[in-house]
**Q** 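Got a structure here, written out as structure tokens. Questions coming.
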Amino acid sequence: MPFVFADESAQEAGELVEDAVGFPFGEVAVDGLAEPLGLLDGVRPSLARFVFTDPRARAVYPDWDAVADEQVAALKQGPGQTDVHIGALMGELTVSSGEPFAARIRTLPGLPRANGVVRMVHPQVGEVRLAHETLGLPADDDQQLVVHLPVDDASAAALDRLTGRRPGALRAV
């Protein structure tokens, strides 16, 4: 599941970070949420790379197995077969992660879920639950927009604390 977090203040400040591999597996992140987790570490940050190669990922994602399954399903969906950069990432993860990645490549059938809930544990605010919805874009280039919204009041309050917004300022429109 690609990861997109953004708000107007990040765009204005120029703090958006994109994965060098490119969409659909790029990350756009507000530093306060992703950076303390380690999601932006490395030369070419990638959620799949983080999930499979960074020991912090299992602490960040209490449901690590489900997150890992979704990452592999997303990679296998199509871009992994046609995009040389995604293919290279899959080869890298097969070597660097070994069986946790390779076994999923061999055994996971099907497509990633278009929506769901992901739990994250943030070092500054604790557990955050985010609902995600994947929206396909009309161009014929496998791009997607993934929207994350807080599932509950506690998650919304945690995001407000991370972004410095007043409670309730982050809302679906």
**Q** Among pairs that include at least one residue of residues 105-117, which meet side-chain hydrogen bond (donor to acceptor under 3.5 Å, both in side chains), considering only residues two or more places apart or in two chains?
**A** E99-R106

**Q** D65: which residues meet the side chain to side chain contact (heavy atoms under 4.5 Å, CB included) condition with it, sequence neighbours left out?
**A** R104

**Q** Any side-chain heavy atom of H132 sitting closer than 4.5 Å to one from L149?
**A** no

**Q** Might you work through the side chain to side chain contact (heavy atoms under 4.5 Å, CB included) test for L93 and Q71, ending with a clear yes or no?
**A** CA-CA 11 Å; L93 293 176; Q71 285 299 301; over 6 Å; no

**Q** With a cutoff of under 4.5 Å between side-chain heavy atoms, which Ile, Leu, Val, Met, Phe, Trp and Tyr residues group with V117?
**A** V151

**Q** Is it the case that the side chain of S97 and the backbone of F52 share a donor-acceptor pair, with hydrogens and angles ignored and the cut-off at 3.5 Å?
**A** yes

**Q** Rounded to the nearest 0.5 Å, what's the gap from CD on Q124 to CG on L162? Could you check?
**A** 6.0 Å

**Q** Looking at R49 and D54, is there a salt bridge between them, counting it only when a charged N and a carboxylate O are closer than 4.0 Å?
**A** no

**Q** Would you please name every residue forming a side chain to side chain contact (heavy atoms under 4.5 Å, CB included) with I105, sequence neighbours left out?
**A** V72, K76, M90, F101

**Q** Do L39 and P45 have side chains that approach each other closer than 4.5 Å (heavy atoms only, starting at C-beta)?
**A** no

**Q** Evaluate the ring planes of F50 and Y61, with Trp represented by its six-membered ring, and classify them as parallel (under 30°), tilted (30 to 60°) or perpendicular (over 60°).
**A** perpendicular

**Q** Please name the pair of heavy atoms, one in L75 and one in A48, separated by the smallest distance, quoted to 0.1 Å.
**A** CD1-CB, 4.1 Å

**Q** Measure the CZ-OG distance between R119 and S155 for me, rounded to the nearest 0.5 Å.
**A** 10.5 Å

**Q** So, using salt bridge (Lys or Arg N to Asp or Glu O under 4.0 Å) as the criterion, who are the partners of R129 when residues are at least two apart?
**A** D152

**Q** Check whether any side-chain heavy atom of E92 lies under 4.5 Å from a side-chain heavy atom of R44, and answer yes or no.
**A** yes

**Q** Taking the side chain as C-beta and beyond, is there a heavy-atom pair between V67 and V118 under 4.5 Å?
**A** yes

**Q** For T134 and V146, run side chain to side chain contact (heavy atoms under 4.5 Å, CB included): C-alpha distance rounded to whole Å, both residues' side-chain angles, the deciding distance at 0.1 Å, then the answer.
**A** CA-CA 4 Å; T134 304; V146 180; 3.9 Å; yes

**Q** Mind listing the closest non-hydrogen atom pair of S46 and L89 along with its distance?
**A** OG-CD2, 3.8 Å

**Q** What heavy-atom pair brings A156 and P150 nearest, and what distance separates the two atoms?
**A** N-CB, 3.5 Å

**Q** Once side chain to side chain contact (heavy atoms under 4.5 Å, CB included) is applied, do any residues pair with A59, and if so which ones, sequence neighbours excluded?
**A** none

**Q** Of all heavy-atom pairs between L37 and P123, which one has the smallest distance, and what is that distance?
**A** CD2-CD, 3.5 Å

